[in-house]
Number of protein chains: 2
Amino acid sequence: MTRALTRKGEATRARIVAGAAAEIRERGVDEVRLEDVLAHTRTSKGQLFHYFPDGKEELLLAVAQHEADQVLVDQEPMLSNLTSWPAWQAWRDRLVERYLAQGVKCPLNGLLGQTGRRAPGAQAIVTGLMWRWQEKIAVGIRHMQSTGDIAADVDADRAAAALLAGIQGGVLLLLSTGRIDHLEAALDLTIERLRAGARTA
Amino acid sequence: MTRALTRKGEATRARIVAGAAAEIRERGVDEVRLEDVLAHTRTSKGQLFHYFPDGKEELLLAVAQHEADQVLVDQEPMLSNLTSWPAWQAWRDRLVERYLAQGVKCPLNGLLGQTGRRAPGAQAIVTGLMWRWQEKIAVGIRHMQSTGDIAADVDADRAAAALLAGIQGGVLLLLSTGRIDHLEAALDLTIERLRAGARTA
DNA sequence: CGGGTTTTGGACTTGCGGGTCCAGATCTGC
DNA sequence: GCAGATCTGGACCCGCAAGTCCAAAACCCG
């Protein structure tokens with residue numbers, strides 16, 4: 001059933017998802033009409049409903065998945081390699097740079113508030129993303145503990161949760177205020193705290 | 001012009017705003033139809049457009065302002081009284097309790113993602129809220145510095161920014177994952193850090 | 001009271017946009 | 001190269017909800 005897609009079909013489907021994602025990033029979920037996506041991807045109603053029988057909802061779900069994956073990909077290879085303080089710094093810089101560049105166009109913002117409520121599956125996608133994200137950070141912390149760079153008595157999961165919260169809040173505040181200060185402050189102070197813990201412990 | 005409202009008119013207007021706010025909290029911005037609000041507030045189309053000539057957009061803006069104000073009010077008197085560690089703890093508990101109780105129904109969630117983009121004014125409302133919020137926290141930190149409970153070399157504004165980011169992210173994660181852990185972790189670790197700073201400094 | 005203003009109710013219009021349908025083009029494997 | 005499947009285009013339908021309009025009720029003040 002899912003395996004009834006030609007090479008060409010697959011390409012078209014991908015084009016639609018990518019186009020819709022771009023459109024949504026640019027103008028917000030609720031401002032994007034199906035027709036906009038069609039125009040921007042040189043496709044027709046027929047195609048869209050051919051690949052997404054459940055219409056907009058299904059498309060939005062696919063976009064959400066696409067964007068969620070992208071969020072982590074954008075942080076690689078730094079995120080999977082938090083094995084030294086310079087590496088942490090590089091990751092931190094990548095995050096700041098990335099969000100600074102994208103500015104107000106957060107792919108998840110709308111998808112959480114908008115899709116998250118209506119589609120039951122979108123919630124799961126975001127939750128999954130957050131969980132993976134946090135776990136990656138936790139792995140980094142544990143690694144640093146193994147090398148003695150972070151105190152052993154630090155609760156890695158708890159610290160990762162706090163750091164992730166800081167990031168999310170920082171991005172949220174970037175979206176609403178347009179300033180990157182909060183993200184930087186949250187990242188720097190939290191990381192600084194992890195480093196300080198090693199010395200005192 | 002703005003002063004053409006009878007006592008009764010004022011009451012009706014307020015009733016519409018409050019009703020719309022409740023409705024939005026309950027079911028999300030984009031799920032709320034004007035008719036729903038009318039039904040729930042025992043009012044008619046005529047009244048709604050009488051008090052909000054610009055229709056839905058204007059109403060949403062009024063709701064946003066109403067909810068934004070409420071967010072800070074809900075933290076009082078704790079937020080304006082961060083003058084001792086027990087007071088900070090009380091504020092922290094209030095926050096956790098409040099968001100735990102309200103669960104998924106965040107008044108600002110939709111308003112940021114939804115209204116924030118379309119209405120230029122909504123952006124300003126959220127920004128204003130965040131700014132006031134952060135300032136209140138900063139005042140608390142400075143007060144603690146004046147009593148020596150927090151190290152003098154802490155940048156109050158920066159610390160407040162980080163704390164606020166942690167809170168926002170914690171709430172965001174509560175919304176998507178349904179767990180309060182992140183909010184607690186962010187609050188506790190950040191506050192703990194402020195306390196620790198005093199001892200080492 | 002009485003004239004002017006504000007308030008209220010609800011029927012009606014309108015446009016937008018998601019979803020349907022189907023005919024024809026294109027591909028795929030044998 | 002042909003039979004069956006997949007892909008594509010776009011005209012059409014249709015419901016929904018925002019917004020309009022106006023007449024009647026309630027209210028305010030001299």
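All chains are named by letter (A, B, ...) in the order of the sequence lines, taking the proteins before the strands, and each is independently numbered beginning at 1.
Atom-to-atom, CG of D30(A) to C1' of dA17(D) comes out at 16 Å; the value is rounded to the nearest Å. dT6(C) atom C1' lies 13 Å from atom CD of E10(B), rounded to whole Å. Per the geometry, CZ belonging to R42(A) stands 13 Å off C1' belonging to dG10(D), to the nearest Å. Computed from coordinates, the F52(B) CZ to dA18(D) P distance equals 14 Å when rounded to whole Å. Protein atom CZ of R15(A) is 11 Å distant from nucleotide atom C1' of dT8(D), rounded to whole Å. Protein atom CG of L48(B) is 12 Å distant from nucleotide atom P of dT20(D), rounded to whole Å. Put simply, CG on L38(B) is 12 Å from P on dA17(D), counting in whole angstrom units. Atom CD of Q47(A) is separated from atom P of dG24(C) by 18 Å (rounded to the nearest Å).
Taking 4.0 Å as the cut-off between side-chain N and carboxylate O, R94(B) and E76(B) do not count as a salt-bridged pair. With salt bridges taken as basic N to acidic carboxylate O contacts below 4.0 Å, one links R142(A) and D157(A). Between D149(A) and R195(A) there is no salt bridge, since no side-chain N of the basic residue sits under 4.0 Å from a carboxylate O of the acidic one.
Comparing P53(A) and G46(B) by the nucleotide of DNA chain C whose heavy atom lies nearest to each, the residue mapping closer to the 5' end is G46(B).
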Next item on the list: Let me see the working for Q65(A) and D69(A) under side-chain hydrogen bond (donor to acceptor under 3.5 Å, both in side chains), right down to the final yes or no.
Entry: CA-CA 6 Å; Q65(A) 188 65 64; D69(A) 293 342; 3.2 Å; yes

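A close approach under 4.0 Å does not occur between any side-chain nitrogen or oxygen of Y51(A) and OP1 or OP2 of dT6(D). Phosphate contact (OP1/OP2 of dT8(C), side-chain N/O of T12(B), threshold under 4.0 Å): present.
With values rounded to the nearest 0.5 angstrom, L129(A) atom CG is found 11.5 Å from Q70(A) atom CD.
Counting non-hydrogen atoms of other residues, nucleotides and ligands closer than 6.0 Å to CZ of R98(B) gives a total above 12.
Annotation for A21(A) and H66(A): closest pair CB-ND1, 4.1 Å, computed over non-hydrogen atoms.
With no hydrogens or angles considered, no side-chain donor-acceptor pair links H182(B) and Q168(A) at under 3.5 Å.
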Expected rows: protein N/O vs nucleotides 14-18 of chain C N/O, under 3.5 Å:
| residue | atom | partner | partner atom | Å |
| --- | --- | --- | --- | --- |
| dG17(C) | OP1 | R33(A) | NE | 2.6 |
| dG18(C) | OP1 | K56(A) | NZ | 3.1 |
| dG18(C) | OP2 | L34(A) | N | 3.0 |

N/O-N/O pairs, protein side and nucleotides 24-30 of chain D side, under 3.5 Å:
| residue | atom | partner | partner atom | Å |
| --- | --- | --- | --- | --- |
| dA26(D) | O3' | K8(B) | NZ | 3.3 |

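A distance-only check finds a donor-acceptor pair linking the side chain of D155(B) to the backbone of R158(B) [under 3.5 Å].
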